[in-house]
There are 2 protein chains.
Amino acid sequence: MSTIRDVAKEAGVSVATVSRIINGKGKVKKETEDIVKAAIEKLSYTPNKVAQGLSNQRSYSIGFVVPSMSNPMFPEIARGVEDVAQANGYQVFLCNTDGKREKLLGYLENFKSHYIDGIILNSHNVHHDDLEQLKQHNVPVVMVDRVLENSETTSIMVQNRKGGQMATQHLVDVGCQYIAHIGGLEGEYNATQRMWGYCDIVSGKPWFDQTWLGRGDFSVDTGYRVAKELFSRHPEVDGIFAGNDLIAIGVLKAAYEWGKKVPEELAIVGFDGIEMSGLTLPPLTTIEQPIYEMGTLAMTELLNHIEKKDVTVKRYELDVKLIREMRTKIDL
Amino acid sequence: MSTIRDVAKEAGVSVATVSRIINGKGKVKKETEDIVKAAIEKLSYTPNKVAQGLSNQRSYSIGFVVPSMSNPMFPEIARGVEDVAQANGYQVFLCNTDGKREKLLGYLENFKSHYIDGIILNSHNVHHDDLEQLKQHNVPVVMVDRVLENSETTSIMVQNRKGGQMATQHLVDVGCQYIAHIGGLEGEYNATQRMWGYCDIVSGKPWFDQTWLGRGDFSVDTGYRVAKELFSRHPEVDGIFAGNDLIAIGVLKAAYEWGKKVPEELAIVGFDGIEMSGLTLPPLTTIEQPIYEMGTLAMTELLNHIEKKDVTVKRYELDVKLIREMRTKIDL
DNA sequence: ATGAAAGCGCTAACAC
DNA sequence: GTGTTAGCGCTTTCAT
């Protein structure tokens, strides 16, 4: 690896001049610029990022923290983040916390000692204190698919409540009489909003009470387990709004084993629109979120903060869309 | 952020002493060590990784290059890599090439200027020249789930050919008469080995010829598309060995639409054992690879090379296992 | 317009 | 045992 000094020597100028040319800062005579560029070419020189980082107190890299990789949502968001990052000369550290707060803390610590320029967060283990600390260290943060209420942090969300309503209303529209919901964990904003959306539609119904509400984490296993409980508690159930697609897949599996025909005897609506939800038999009706775009938007916003182009705190609520109707009223 | 100098001042010693203590090198009196540790504690000091990197010409981070994130194999391998990395104080740069050589080259370039300590590669875009260059730069490389033939690089593979044989033999065992194979791309070692495994079993059969062989990339779409072609070309097909689970899922979908009952009329065997393959209806029979372990092993080997504990080039061929038989001979 | 030199935070040879 | 100091490769004031 050749260094800036080698280039300077080769071109017969000082390192300062070379540095100016690399960074396009300061004035340099066109003539010397050409000479230097030729030298750079000749030595196939690339600036050392680590040294640049030390000098600039920044790294041109950002951290993207996700709670898991087994939900395909995250790889897809990550693609969005990376595409924008790469186009702007940034590297992405993809960090998987496996849902453990200690891992999150480890990453956060690591970020500091790496001059990380910014962080995109999606972890329910984040506390207000963490964000406060990050703010103190001047590290911009954007949350994606997750918010911490009352925190001054830009967040990229979708219309979870409206999505929940749409899903549930769709079940009503296709003729379901008894509609249950299997949602995510108690404290999670997304999960709760979606549940409220469900409640908005069914709370007036005479049959409705708490026993139509199931909860668990956003996993296939939850869907499978809770659906079975539900089938034995309420054999009359004929529609389920699942809090996400993984749950919906679990429900589908449970229905199959229970001998309930989908969608004829049991209609299911998921949430997310992950690729896998279209590959089941039958393909799942679901509320599609703009997953990839959430990633690109998050990174774009983060860049705005890092480069101080726009440091206002925003809360996005992106549109969602019902896709792949399994069944229409006509089928009945 | 406090620096090593701050700690030195606080403890009334020199920076060298602090450095020694941080790195556990050289001799220090137990007494001064305690004082320094107290100072470190008090200032909540963490060594600056960037500065360490510049000084040591290394970064304690490694790159893991994957061709895609939509095959759940990779997130799972990545988990294995990360767990071992983290346990040993290394950071992992997860890099997705999206199957594009230019992206791969970009990452490789980036690695150099980041003092990356080692690289785990899985990209069919890697050429011999790339490995040669890396070797010249003294960057250890381990390939996972992929090899470059005649290259002196440690690689972690599974028994692809044997797996192919097992899959195909299983189809024979459960009574299939006409067994097709839908495999991966021409140049891919894995795909080819699995295909040969298939050929090992069927090449003697009177009905067998090239028309029972389909190819495409390792995706659901390939499985779906090629299976349909196959159904119209050979309506008598009653067993398909898919080159990987994604293809198998595509086949399943095609079979469903074509009205072929699985597994009664068409038996399917996949390859990989990704979680998704167990969630289909019916769950797919498949050749399970130790995915997570491939990750841990790759990282362990890479560490051996980085830390020069063991620099011999090895070629692992891990065992595979047939799981989730859909159907047994008895069913017939 | 260009160069000299200090400094980013840390490590390691060398001196005591 | 411990301290001094010269780098690691780059950026950036401050001169010129």
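The chains referred to below are lettered A, B, ... by the order of the sequence lines, with proteins before strands, and numbering in each begins at 1.
With D/dG3, C/dA1, D/dT11 as the candidates, the nucleotide lying closest to the side chain of A/Lys29 is C/dA1. Taking the side chain of A/Thr3 as heavy atoms from C-beta on, and the options D/dT13, D/dG9, C/dA5, the nearest nucleotide is D/dG9. Of the candidates D/dG1, C/dT11, C/dG3, C/dG3 carries the atom nearest the A/Ser14 side chain, counting heavy atoms from C-beta on. The side chain of A/Ala16 sits closest to C/dG3 out of D/dT11, C/dG3, D/dG1. In this structure, the nucleotide among D/dT11, C/dT11, D/dT12 sitting nearest to the side chain of A/Gln52 is D/dT11. Side-chain proximity of A/Pro47 to the nucleotides D/dC10, C/dA12, D/dT2 is greatest for D/dC10. The side chain of A/Asn48 approaches D/dG9 more closely than any other nucleotide in the set D/dG9, C/dT11, C/dC8. Taking every side-chain heavy atom of A/Ala51 into account, D/dC10 is the closest of D/dC10, D/dC8, C/dT11.
Each of A/Val15 and B/Glu33 was matched to the nucleotide of DNA chain D holding its nearest heavy atom; the match closer to the 5' end belongs to B/Glu33. Where B/Arg20 and B/Tyr45 meet DNA chain C, the nucleotide closest to each residue was compared, and B/Tyr45 sits on the side nearer the 5' end. The 5' end of DNA chain D is approached more closely, in terms of each residue's nearest nucleotide, by A/Arg5 than by the other of A/Thr17 and A/Arg5.
A salt bridge links A/Arg146 with A/Glu188: the closest approach of a Lys/Arg side-chain nitrogen to an acidic carboxylate oxygen falls below 4.0 angstrom. Salt bridge status for B/Asp83 with A/Lys103: present, with a side-chain N to carboxylate O gap under 4.0 Å.
Distance CD1 (B/Ile21) to P (D/dG1): 13 Å, rounded to an integer number of Å. The CD-C1' distance, from B/Gln57 to D/dG9, rounds to 9 Å in whole Å. In this structure, B/Met1 atom CE and C/dG9 atom C1' are separated by 10 Å, rounded to whole Å. As rounded to whole Å, 12 Å separates atom P of D/dC10 from atom CG of A/Leu43. A/Ile35 has its CD1 atom 10 Å from the P atom of C/dG3, to the nearest Å. In this structure, B/Lys9 places its NZ atom 13 Å from P of C/dC10, rounding to the nearest Å. Between the P atom of D/dG3 and the CD1 atom of B/Ile4 lies a distance of 12 Å, rounded to the nearest Å. One atom, CG of A/Leu54, and another, P of C/dT11, lie 12 Å apart when rounded to the nearest Å.
Panel note: side chain B/Asn71, backbone B/Met73; a donor-acceptor pair is recorded below 3.5 Å. Listed for the B/Asp117 side chain is no donor-acceptor partner under 3.5 Å among the backbone atoms of B/Arg58. No donor-acceptor pair closer than 3.5 Å links the side chain of B/Ser155 to the backbone N or O of B/Val147.
One finds a side-chain N or O of A/Lys25 lying less than 4.0 angstrom from the OP1 or OP2 phosphate oxygen of D/dT12. Residue A/Asn56 places none of its side-chain N or O atoms closer than 4.0 Å to OP1 or OP2 of C/dC8. An OP1 or OP2 oxygen of C/dA1 is reached within less than 4.0 angstrom by no side-chain nitrogen or oxygen of A/Thr32. For D/dT11, neither phosphate oxygen OP1 nor OP2 lies less than 4.0 angstrom from any side-chain nitrogen or oxygen of A/Ser55.
Within the nucleic acid shown, A/Val18 has no heavy atom closer than 4.0 Å to any nucleic acid atom.
You'll find the side chain of A/Ile4 reaches within 4.5 Å of the side chain of A/Ser19, heavy atoms only.
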